[in-house]
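Here the structure is a predicted model, which is why all the values come from computation and not from measurement. Residues: numbered from 1 along the sequence shown.
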Amino acid sequence: MMADHGDPCDVQEATYCMHGGTCYKISSMNVLSCVCTDVYRGSRCQEHRLPLISTDPGQAGLIAAVTIVALLILVVLSVVIYYTYKMLKAKKQSQQNHQQQYWRVQPRARV
């Protein structure tokens with residue numbers, strides 16, 4: 001532990017470390033130092049460390065890659081569905097316009 005590099009803090013200095021961190025005094029530099037618990041980090045154990053699902057960086061990279069690929073597939077699928085719908089709508093409208101023109105009866109001219 002830090003015993004090789006420093007002495008435990010006295011009662012007044014013990015409050016220097018937050019969230020249950022252990023305080024040590026480095027006498028050669030006249031500086032206080034903290035050894036934090038697993039949940040906190042920082043020079044005074046002031047920052048909360050978020051829990052990790054995986055400690056293996058390769059697995060974290062794999063999760064990120066799978067997430068990115070899934071999002072890309074969703075985007076491509078959305079674009080395909082949008083353009084398919086747009087083409088079907090245009091085709092239907094074209095057929096309706098064609099039917100209206102075909103069945104339209106021209107009025108007779110009066111003589």
Side-chain angles (χ1 to χ4, degrees):
M1 229 110 167
M2 290 288 291
D4 295 339
H5 302 289
D7 300 322
C9 297
D10 62 16
V11 177
Q12 291 177 338
E13 296 168 337
T15 59
Y16 177 76
C17 300
M18 298 181 214
H19 302 114
T22 307
C23 180
Y24 289 95
K25 185 173 188 177
I26 303 173
S27 55
S28 62
M29 297 180 3
N30 197 22
V31 175
L32 298 178
S33 178
C34 297
V35 176
C36 304
T37 61
D38 292 338
V39 182
Y40 294 95
R41 67 179 180 186
S43 60
R44 295 184 64 194
C45 306
Q46 74 275 12
E47 299 174 13
H48 187 269
R49 182 180 298 190
L50 296 175
L52 296 174
I53 296 172
S54 170
T55 56
D56 180 21
Q59 189 176 5
L62 179 64
I63 291 170
V66 168
T67 303
I68 290 170
V69 169
L71 288 173
L72 287 174
I73 289 172
L74 284 173
V75 167
V76 169
L77 188 61
S78 298
V79 169
V80 168
I81 289 172
Y82 172 76
Y83 279 109
T84 303
Y85 174 75
K86 191 174 177 180
M87 285 180 9
L88 289 175
K89 187 176 177 182
K91 184 177 179 181
K92 185 177 178 181
Q93 188 176 15
S94 174
Q95 286 176 350
Q96 286 177 350
N97 288 343
H98 180 67
Q99 287 176 353
Q100 287 175 357
Q101 291 174 0
Y102 182 73
W103 293 104
R104 182 177 286 174
V105 177
Q106 298 293 329
R108 290 185 185 181
R110 292 190 180 197
V111 181

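When atom types are taken as modelled, the side chain of His48 and the backbone of Tyr40 share no donor-acceptor pair closer than 3.5 angstrom. Looking only at distances, a side-chain donor or acceptor of Thr67 sits under 3.5 Å from a matching main-chain atom of Ile63.
Using a 4.5 Å cut-off on side-chain heavy atoms (C-beta onward), Val35 and Tyr24 make contact. Residues Lys25 and Asn30 meet the side-chain proximity criterion, which asks for heavy atoms closer than 4.5 Å. Residues Thr84 and Leu88 form a side-chain contact, since some pair of their non-hydrogen atoms from C-beta on lies under 4.5 Å apart. Inter-residue side-chain proximity for Thr22 and Cys34 is flagged as unmet; no heavy-atom pair is nearer than 4.5 Å. Taking the side chain as every heavy atom from C-beta outward, Val39 and Arg49 never approach each other to under 4.5 Å.
Cation-pi check for Arg44 over Tyr16 is met; the charged atom lies under 6.0 angstrom from the ring centroid and within 45 degrees of its normal.
The local environment of CG in Asp38 is sparse, with at most 12 non-hydrogen atoms from other residues, nucleotides or ligands closer than 6.0 Å.
Annotation: the span from Leu32 atom CG to Thr15 atom OG1 amounts to 9.5 Å, rounded to 0.5 Å. A distance of 11.0 Å separates SG in Cys23 from CG in Asp7, rounded to the nearest 0.5 Å. Remark: Lys92 NZ to Met87 CE distance equals 15.5 Å, nearest 0.5 Å.
Cluster annotation: Val79 and Tyr82 are assigned to the same hydrophobic cluster (Ile/Leu/Val/Met/Phe/Trp/Tyr, side-chain heavy-atom contacts under 4.5 Å, transitive).
When all heavy atoms are compared, the tightest approach of Ala14 to Cys9 is N-CB, 4.1 Å.
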Verdict with supporting geometry, Cys45 and Cys36, disulfide bond (SG atoms under 2.5 Å apart): CA-CA 5 Å; Cys45 306; Cys36 304; 2.1 Å; yes
